[in-house]
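What follows is a single structure, written as structure tokens, with notes after it.
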Amino acid sequence: MLVLVVTGFAWQQVDSLRSSLTTAGGLDLGDGKDGAVDILMVGIDSRTDAQGNPLSQSELDMLRAGEADATNTDTIILIRIPNDGSSATAVSIPRDSYVKVPGLGMSKINAAYGETKALAQERLIENGVDPAKADAESTKAGRHALLQAVADLTGITVDHYAEVGLLGFVLLTNAVGGVPVCLNAPVDDPYSGADFPAGPQTLHGADALSFVRQRHGLPRGDLDRIVRQQTYLASLAQEVLSADMLANPAKLNQLNSAVQRSVVVDSGWDIVGFARRLQDLSAGAVTFQTIPVEEPAGTSPDGESIVEIDPTQVHSFFERLVGRGDGPPAQSADNGGSDGGSGGSGAADDGRPLDVDPGAVTVDVLNSSAIGGLASSVSEALGSVGYGTGRVANYTGTPPAASQVRAAPGSRNAATAVARALGGLEVVPDDAMAPGSVTVVLDDQYAGPGSGSWSGTLVSGTDGVSGSGGPSASGDPATGGGQPGQATGQPGADHPVGPAVSADDGVRCVN
């Protein structure tokens with residue numbers, strides 16, 4: 001459904017959906033008068049299709065998700081598309097975000113739909129309402145509660161609603177002939193059924209569902225799962241936009257059928273007209289981000305595992321996104337969550353391979369943070385990939401806004417290689433340094449090799465950086481755009497949530 005919405009693919013094929021899509025009415029949605037269409041897309045942990053028909057036993061077995069039906073919304077993405085159709089930004093909301101839910105009080109946001117529906121259904125049946133009607137009315141109540149919770153959290157009024165069940169990931173993946181992904185390390189998770197080697201691979205059918213469902217065993221739990229979902233959707237968009245897909249009537253019909261069976265949309269949405277407006281949208285104009293997070297491993301007063309967020313930070317994030325607040329409209333890239341960002345006087349890394357011998361580069365490492373022994377740990381990490389050990393000491397000047405690598409005249413390439421090895425730090429030219437020297441200055445937010453939070457693979461930084469390139473300061477791979485290797489955080493947020501994803505980044509390796 002996301003691909004349908006943000007690419008406007010072969011809209012002539014979409015015309016057949018007009019009479020066959022399952023719709024939901026009475027959702028009290030907005031009208032897009034704020035200059036953009038805001039779409040809430042949710043993934044439902046359901047064992048039925050879009051029409052409410054139970055999945056067959058063979059389909060349940062294929063999903064590897066058990067047979068207990070549920071209406072938890074384990075994927076929540078708010079998609080904002082300007083009225084001119086020029087771009088699309090999809091913002092993920094972690095399913096365990098602890099928020100205020102109408103009628104429930106403080107709760108995980110993924111329970112807004114399911115718990116509200118269960119309570120409403122129980123009440124209706126107790127009052128003598130026919131079970132079928134009670135199910136329909138309680139489902140509407142659950143959707144409305146989720147919509148309101150999202151609106152309260154983000155400050156954005158949702159204009160359209162799309163819902164996809166577990167079967168949808170399988171059908172959509174098969175329709176495009178498989179979706180390419182890449183993993184930093186092998187995984188074997190019995191809970192989701194994810195059993196994949198490291199490196200690039202193409203997923204088919206139920207493997208795609210296992211890939212986007214896994215959270216156990218990942219370094220950052222649900223935050224890493226969100227990055228997986230975003231990279232999967234970006235790759236899916238690329239597959240749909242490929243010439244082979246658009247020129248293949250059989251594949252388009254299969255994709256059409258997958259949407260019909262697995263997607264529910266609001267009854268007021270003219271899908272055909274909307275797709276026509278978006279038919280010229282390119283993959284490069286489709287990006288994925290995540291709301292700010294304060295503590296991804298928090299605990300509620302009842303002892304539940306939650307993701308702690310600050311609604312004020314989230315509101316500010318969306319204010320910037322819609323162009324009503326200070327700062328850039330998109331997430332700022334930094335070296336692991338600091339407010340300093342990656343600006344400054346350093347030129348952007350163009351990602352090319354570097355003719356640098358680490359053994360010929362001696363690196364001074366200076367600690368401007370309050371973390372004892374950080375400079376020594378980072379110096380040892382650099383030494384383990386071949387760099388020479390220089391001076392290791394505390395930094396006595398004015399602390400930089402973010403960790404950086406300082407490049408003396410003639411040592412730009414060497415400094416860039418060191419910056420990549422440390423997760424994509426900013427390189428800052430310094431004419432006052434002795435020619436040929438390289439100095440690393442570390443701040444409190446540093447999270448790359450040598451820090452206690454690092455869990456990636458050390459590299460020398462001399463190889464070229466692509467969409468699936470080297471590690472970042474948060475343990476994630478390099479991004480395809482901007483400063484390679486930098487994790488994405490938000491001003492005021494305490495934890496980087498992962499790199500922003502663009503649909504034209506190429507296949508990025510993820511945790």
Side-chain angles (χ1 to χ4, degrees), residues 27-30 38 40-46 68-78 90-124 126 137-158 161 163 213 215-216 218 220-226 229 289-321 325 337 489-498:
L27 295 182
D28 191 23
L29 299 166
D38 297 293
L40 182 63
M41 189 191 78
V42 299
I44 299 292
D45 189 11
S46 173
D69 198 17
T71 48
N72 287 334
T73 48
D74 285 342
T75 301
I76 304 173
I77 301 177
L78 185 59
V91 182
S92 296
I93 300 173
R95 68 169 204 161
D96 289 342
S97 298
Y98 199 57
V99 302
K100 185 177 181 180
V101 177
L104 299 180
M106 295 300 294
S107 175
K108 295 180 181 181
I109 197 167
N110 80 321
Y113 187 135
E115 288 193 19
T116 300
K117 176 184 177 179
L119 292 171
Q121 189 170 27
E122 181 181 4
R123 183 176 63 253
L124 289 168
E126 287 178 352
E137 290 298 316
S138 61
T139 297
K140 182 191 297 184
R143 289 169 176 156
H144 187 271
L146 176 60
L147 286 162
Q148 189 59 54
V150 169
D152 291 344
L153 173 64
T154 64
I156 300 292
T157 299
V158 175
Y161 177 83
E163 178 181 303
R213 289 185 67 236
R215 64 188 177 97
H216 295 281
L218 299 183
R220 303 185 308 145
D222 200 42
L223 293 183
D224 277 335
R225 176 164 71 168
I226 285 174
Q229 292 170 352
Q289 303 186 26
T290 306
I291 64 169
V293 168
E294 282 202 312
E295 175 53 64
T299 304
S300 74
D302 296 331
E304 282 189 301
S305 175
I306 61 172
V307 173
E308 296 179 11
I309 57 177
D310 181 350
T312 301
Q313 290 180 4
V314 177
H315 272 255
S316 297
F317 169 84
F318 279 97
E319 286 288 317
R320 291 189 296 275
L321 181 66
Q490 306 86 9
D494 293 335
H495 288 266
V497 292

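When a residue number appears, it is its place in the shown sequence, counting from 1.
- Within the 3.5 Å criterion, the main-chain N or O of Asp310 finds no donor-acceptor partner in the side chain of His315.
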TODO: Applying side chain to side chain contact (heavy atoms under 4.5 Å, CB included), run through Tyr113 and Glu163 and close with a yes or a no.
DONE: CA-CA 12 Å; Tyr113 187 135; Glu163 178 181 303; 3.3 Å; yes

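- For the residue pair Leu223 and Pro296, the shortest heavy atom distance occurs at CD1-CB, 3.7 Å.
- Remark: Leu104 CG to Thr116 OG1 distance equals 4.0 Å, nearest 0.5 Å.
- Checked by atom type, the side-chain pair Ser138/Lys117 shows no donor-acceptor distance below 3.5 Å.
- For the atom pair CG of Asp74 and CZ of Arg213, the computed distance is 7.5 Å after rounding to the nearest 0.5 Å.
- Using modelled atom types, no side-chain atom of Asp302 and backbone atom of Glu304 make a donor-acceptor pair closer than 3.5 Å.
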Open item on the list: Between Arg95 and Lys108, is the side chain to side chain contact (heavy atoms under 4.5 Å, CB included) condition met? List the steps.
Closed with: CA-CA 7 Å; Arg95 68 169 204 161; Lys108 295 180 181 181; 5.8 Å; no

Task: Verdict with supporting geometry, Gln229 and Thr75, side-chain hydrogen bond (donor to acceptor under 3.5 Å, both in side chains) - done: CA-CA 8 Å; Gln229 292 170 352; Thr75 301; 3.2 Å; yes

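- Listed for the Ser97 side chain is no donor-acceptor partner under 3.5 Å among the backbone atoms of Ile93.
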TODO: Please report the C-alpha distance between Val158 and Ile156 in whole Å, then the side-chain angles of each, then the deciding distance to 0.1 Å, and finally whether the side chain to side chain contact (heavy atoms under 4.5 Å, CB included) criterion is met.
DONE: CA-CA 6 Å; Val158 175; Ile156 300 292; 5.5 Å; no

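- Put simply, OG on Ser300 and OH on Tyr98 are 4.5 Å apart, with the number rounded to the nearest 0.5 Å.
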